[in-house]
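Letters go in sequence order (proteins before strands), and every chain restarts at 1.
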Number of protein chains: 2
Amino acid sequence: MRQIIDERTGGTVRPPCGAEPHSALHGPSHAPTMRIAAHVTVLHEGDPARRIMEVVDGAVMLSKLLPDGRRQVVELLGPGDVFGLAHADIYACSAETLTPATINTHDRSALERDPVLGARLLRRFEAQLCVMHSHALVLGRMSALERVAFFLLRLMPETMVGGTLHLSMTRQEIADFLGLTLETVSRAFSELKRRGLVVLQRADEVRIQDRGSMRRLAGAL
Amino acid sequence: MRQIIDERTGGTVRPPCGAEPHSALHGPSHAPTMRIAAHVTVLHEGDPARRIMEVVDGAVMLSKLLPDGRRQVVELLGPGDVFGLAHADIYACSAETLTPATINTHDRSALERDPVLGARLLRRFEAQLCVMHSHALVLGRMSALERVAFFLLRLMPETMVGGTLHLSMTRQEIADFLGLTLETVSRAFSELKRRGLVVLQRADEVRIQDRGSMRRLAGAL
DNA sequence: CGACAGGTTGATCCCGATCAAGTTTAGTGG
DNA sequence: CCACTAAACTTGATCGGGATCAACCTGTCG
């Protein structure tokens with residue numbers, strides 16, 4: 001756990017990096033694609049920002065810490081999403097894989113040189129900024145039950161209607177994403193179950209039963 | 001009030017637009033710069049997204065509404081910041097001037113054509129995304145007093161140390177930005193005053209007295 | 001089996017929302 | 001200039017949703 005298991009460039013296996021804040025991903029600037037295990041911290045908030053990254057496959061969680069240890073998960077990323085953003089050449093967030101993931105990395109200097117990359121990132125940044133705006137509404141104005149309903153709808157695309165959603169996050173991670181405590185998240189799940197809006201096959205497997213009621217709760221996502 | 005007072009291209013005065021949701025800014029695609037009065041709604045959440053805008057001068061507030069009327073101010077913009085972002089060709093937020101403002105507009109199609117504009121927007125989007133990440137931490141994990149301290153530090157650049165900050169927002173607008181109620185914001189201001197961290201010359205004129213304590217409260221901005 | 005990480009549920013507490021007066025400020029017209 | 005008004009702000013009293021504290025449960029893996 002907490003270990004980079006493979007790197008495509010040359011196929012070499014890099015040493016564990018989860019526990020060493022400054023050792024992550026200082027590879028050569030032409031190592032674009034990496035395969036990373038679940039629950040690996042890829043970037044650390046505060047480290048010098050050398051690279052910008054794209055999720056090719058899998059899920060990544062960005063989080064920020066307060067000095068006293070309070071944590072906020074600020075963004076959940078899937079394929080296509082970009083991370084490794086910086087203020088003053090310092091990473092603004094930590095990034096941790098939620099599932100095994102494939103990640104594409106670019107040297108920050110490539111941004112100026114490669115207009116195709118720039119155009120792709122521009123579109124993606126716009127989308128992610130819109131998602132952050134929605135998330136501000138969730139964090140600032142929604143009740144606990146509404147937040148959890150919103151969270152589940154967001155993870156469950158329109159397409160997969162009858163399917164079962166596998167949550168690859170613990171209650172604590174969901175709580176840190178939604179600005180709640182793990183107990184409140186657990187109670188919200190139980191309440192949604194009690195009302196018949198969702199079915200919990202297991203703690204981490206959810207099926208949305210009544211999408212209409214969920215949408216109404218989430219304020220029409 | 002709530003009226004566009006000037007448009008540089010040709011110097012024509014456009015009709016009031018504040019109250020008509022669909023009448024704003026459908027000018028020719030080569031009308032780049034506009035002068036706008038304070039408290040004018042420039043964009044409406046949900047309108048078709050034709051243009052992308054840059055703040056040249058002044059302050060703009062982006063907000064989102066829930067169906068039941070709860071509001072979240074999702075971003076505060078100053079010179080250089082960009083707005084008019086869209087999901088599915090629909091504006092994701094309403095935009096309202098807080099002060100008289102100068103705004104530069106571009107046709108969305110110009111994004112693909114103009115690489116210089118694209119590069120500028122890319123840099124700006126990255127900065128705004130980082131700010132949104134911080135704001136998620138504020139909304140998700142900070143107490144009322146911490147939020148208000150953070151807000152004041154954010155508005156008061158390092159440079160202006162002894163100066164007086166003019167808030168161009170009401171308590172309600174600040175509350176909607178910080179995910180609080182106007183009463184709680186008012187109490188937080190009073191508490192900061194009581195503790196000697198700020199001086200309130202008037203309700204909308206603040207001087208930060210003890211920046212160190214403010215930083216500690218805000219979790220080291 | 002035992003250990004432990006993650007999850008659920010209950011009891012209580014507290015911060016911020018809500019409800020309710022008052023107070024200040026800015027604007028308007030006589 | 002002052003009286004009147006309305007909007008914004010402050011402050012107090014009370015309430016409630018979610019945090020906190022505390023057991024207990026469940027599943028997984030050695």
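Each end of the helix from C:dC1-D:dG30 to C:dG30-D:dC1 gets its own axis, taken as the rotation carrying the C1' atoms of four end pairs onto the next four within a five-pair window, and the two axes meet at 40° to the nearest 10 degrees.
Using a 4.0 Å heavy-atom criterion, one finds that A:Thr170 contacts the sugar-phosphate atoms exclusively.
When the salt bridge (charged side-chain N to carboxylate O under 4.0 Å, His left out) test is applied to B:Glu54, the partners found at least two apart in sequence or on another chain are B:Arg120. A search for salt bridge (charged side-chain N to carboxylate O under 4.0 Å, His left out) contacts involving B:Glu191 returns B:Arg194, B:Arg195, not counting sequence neighbours. Qualifying side-chain hydrogen bond (donor to acceptor under 3.5 Å, both in side chains) partners for A:Arg216, counting only residues two or more places apart in sequence or in other chains: none. For B:Glu183, there are no salt bridge (charged side-chain N to carboxylate O under 4.0 Å, His left out) partners at least two apart in sequence or on another chain. Not counting sequence neighbours, the partners of A:Ser143 by the side-chain hydrogen bond (donor to acceptor under 3.5 Å, both in side chains) test are A:Glu146. Considering only residues two or more places apart in sequence or on other chains, A:Asp210 meets the salt bridge (charged side-chain N to carboxylate O under 4.0 Å, His left out) condition with none of them. B:Arg187 meets the side-chain hydrogen bond (donor to acceptor under 3.5 Å, both in side chains) test with no other residue; sequence neighbours excluded.
Close approach of DNA chain C to chain A, defined as any atom under 4.0 Å from a non-hydrogen atom of the protein, starts and stops at C:dG7 to C:dA11. When DNA chain D is scanned in the 5' to 3' direction for atoms under 4.0 Å from non-hydrogen atoms of chain B, the outermost contacting nucleotides are D:dC9 to D:dA13.
Counting heavy atoms from C-beta outward, A:Arg70 and A:Leu65 have side chains that stay 4.5 Å or more apart. Residues A:Met169 and A:Leu98 form a side-chain contact, since some pair of their non-hydrogen atoms from C-beta on lies under 4.5 Å apart. Using a 4.5 Å cut-off on side-chain heavy atoms (C-beta onward), B:Val206 and B:Val199 make no contact.
Checked by atom type and distance alone, the side chain of B:Arg71 never pairs as donor or acceptor with a backbone atom of B:Leu66 at under 3.5 Å. Under the 3.5 Å distance criterion, the side-chain polar atoms of A:Gln72 are left unmatched by any main-chain donor or acceptor of A:Ser63.
Under 4.0 Å is where a charged nitrogen must lie from a carboxylate oxygen, and between B:Arg141 and A:Asp176 at least one such pair does.
Under the 3.5 Å distance criterion, with hydrogens and angles disregarded, no donor-acceptor pair is assigned to the side chains of A:Glu96 and A:His39.
Geometrically, A:Arg171 engages A:Phe189 in a cation-pi contact, judged by NZ or CZ lying under 6.0 Å from the ring centre and within 45° of the ring axis.
DNA chain C is contacted by A:Leu182, A:Glu183, A:Ser186, A:Arg187, A:Ser190, A:Ala203 of residues 182-205 of chain A, taking any non-hydrogen atom closer than 4.0 Å. Within residues 64-74 of chain B, no residue places a heavy atom under 4.0 Å from DNA chain D.
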